[in-house]
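Please read the structure below before turning to the comments.
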Amino acid sequence: MIVLVINAGSSSVKYQVFNAETKEVLAKGLVERIGMSGAILTHKPTDRKEVRLSGEILDHKMAIEYVVSILLSKNHGVIKDKSEIDAVGHRVVHGGEAFSSSVLISEEVMAEIRACIDYAPLHNPPNLKGINAVKSLLPDVPQVAVFDTAFHQKMPKYAFLYGLPYTLYRRHGIRRYGFHGTSHRFVSNRAAEIMGQPLENLKLITAHLGNGASISAIQNGRSVDTSMGFTPLEGLLMGTRCGDMDPAIILQIMHKEELTVNDANILMNKHSGLQGISGISSDMREIEEEYEESSRAKLAHDMFTYRLKKYIGAYAAAMGGVDGIVFTGGIGENSEMVRKHALEGLDYMGIELDEAKNKERLKEERDISAKNSQVRIMVIPTNEELVIALDTKRIVDESN
Ligand code: ADP
């Protein structure tokens, strides 16, 4: 089964084409600057070199039209006819309380995604544009939605509610939803395979550390708590997001600095985190390059790893122990310094890193725990696109 995986953002569309039986990627690419001047399509067939094309791409429908035409093209294509695309899988950011797993897209499902726009105003609208574009270009092809929030939908109520009046949950859906669910699901499954134990018997902590970062407690295969909340702003310190703080701070700053709601939103989401503390960069590589020279870069790094360590302790307490810790995402997969600092001093919990293995610069999954560590520590590159392709295949197979 050939599955086209689409991740539609506000001005971009990322795609990958899979043979879902063999899990092989046939091609991947990205359309950027949709609706702006000088849109660019970067396309990479797995067995040939990358091509870059520029043109006017006014909307998501045109973007996906471009994608389909390059997939069919003589020199850069990977299929001969549109009809070879058996199914399309979409990353959808917010499924609210309606979806705890991936679903076949119908009119009703689209209405539910639309109903969640209030929760994810920047993400769900372009996700819907992607679905509509495929609907008009490939009307007979089944489409599946895979939600970032779905994996966290089975959290217990005492973990997902905030200490606000309960009526606000009822009236406005104010609760923790959690994000990066597809990634936490993927790496927890892989961790169980690496550990050679059923996921149902394990207590895992998975840390997805990229520009956005979240950490999850996964008990018996279920996400029982996660650090991102009502929006992806809560929890860990991130590239440009502040993560946890006293909510009264923002009221005080809005008053003192005469900020509008929009200003405050931008402050917390775009000018905080590693960027705001260091004044240097939101990029962990640059923070680490300056760690010895700049006290502010060091502070940003120390805050990042301190908060990570606090969450590891909290989630071990929440689950009554931990069998495995997984690092993933650009930082989790690549920063030996973040992993080292976050786990330092946790040997009393049975968490011991093998320093030499931690330093190895490999692109593959690996166990970096010391021989005597009671807790397995793993680096597992995430693969959200593969999860989307496999969910799409399973759901389409089941519907036939
Ligand atoms: P996104 O959340 O946008 O998908 P990624 O998962 O690609 O982001 O992660 C980006 C982050 O990973 C950046 O902060 C980048 O600096 C960091 N990163 C990538 N490689 C390294 C490395 N070798 N050492 C430290 N940080 C790294």
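Because the structure is a prediction, the values reported are computed rather than measured. Both ligands and their constituent atoms are indexed starting at 1 by order of listing.
- Pocket lining of ligand 1, defined as residues with a non-hydrogen atom under 4.0 Å away: Gly210, Asn211, Gly212, Asp283, Met284, Arg285, Glu288, Gly329, Gly330, Ile331, Asn334, Ser335, Arg361.
- Under a 4.0 Å N-O distance rule, the pair Asp283/Arg285 qualifies as a salt bridge.
- In the model, His184 has a side-chain atom that pairs as donor or acceptor with a side-chain atom of Ser214 under 3.5 Å.
- A salt bridge links Arg190 to Glu365: at least one charged side-chain nitrogen sits closer than 4.0 Å to a carboxylate oxygen.
- Using modelled atom types, one side-chain atom of Asn124 and one backbone atom of Ile113 make a donor-acceptor pair closer than 3.5 Å.
- A cation-pi geometry, defined here as NZ or CZ lying under 6.0 Å from the six-membered ring centre and within 45° of its normal, holds between Arg175 and Tyr177.
- Salt-bridge annotation for Asp391 and Arg394: present, with a side-chain N of the basic residue lying under 4.0 Å from a carboxylate O of the acidic one.
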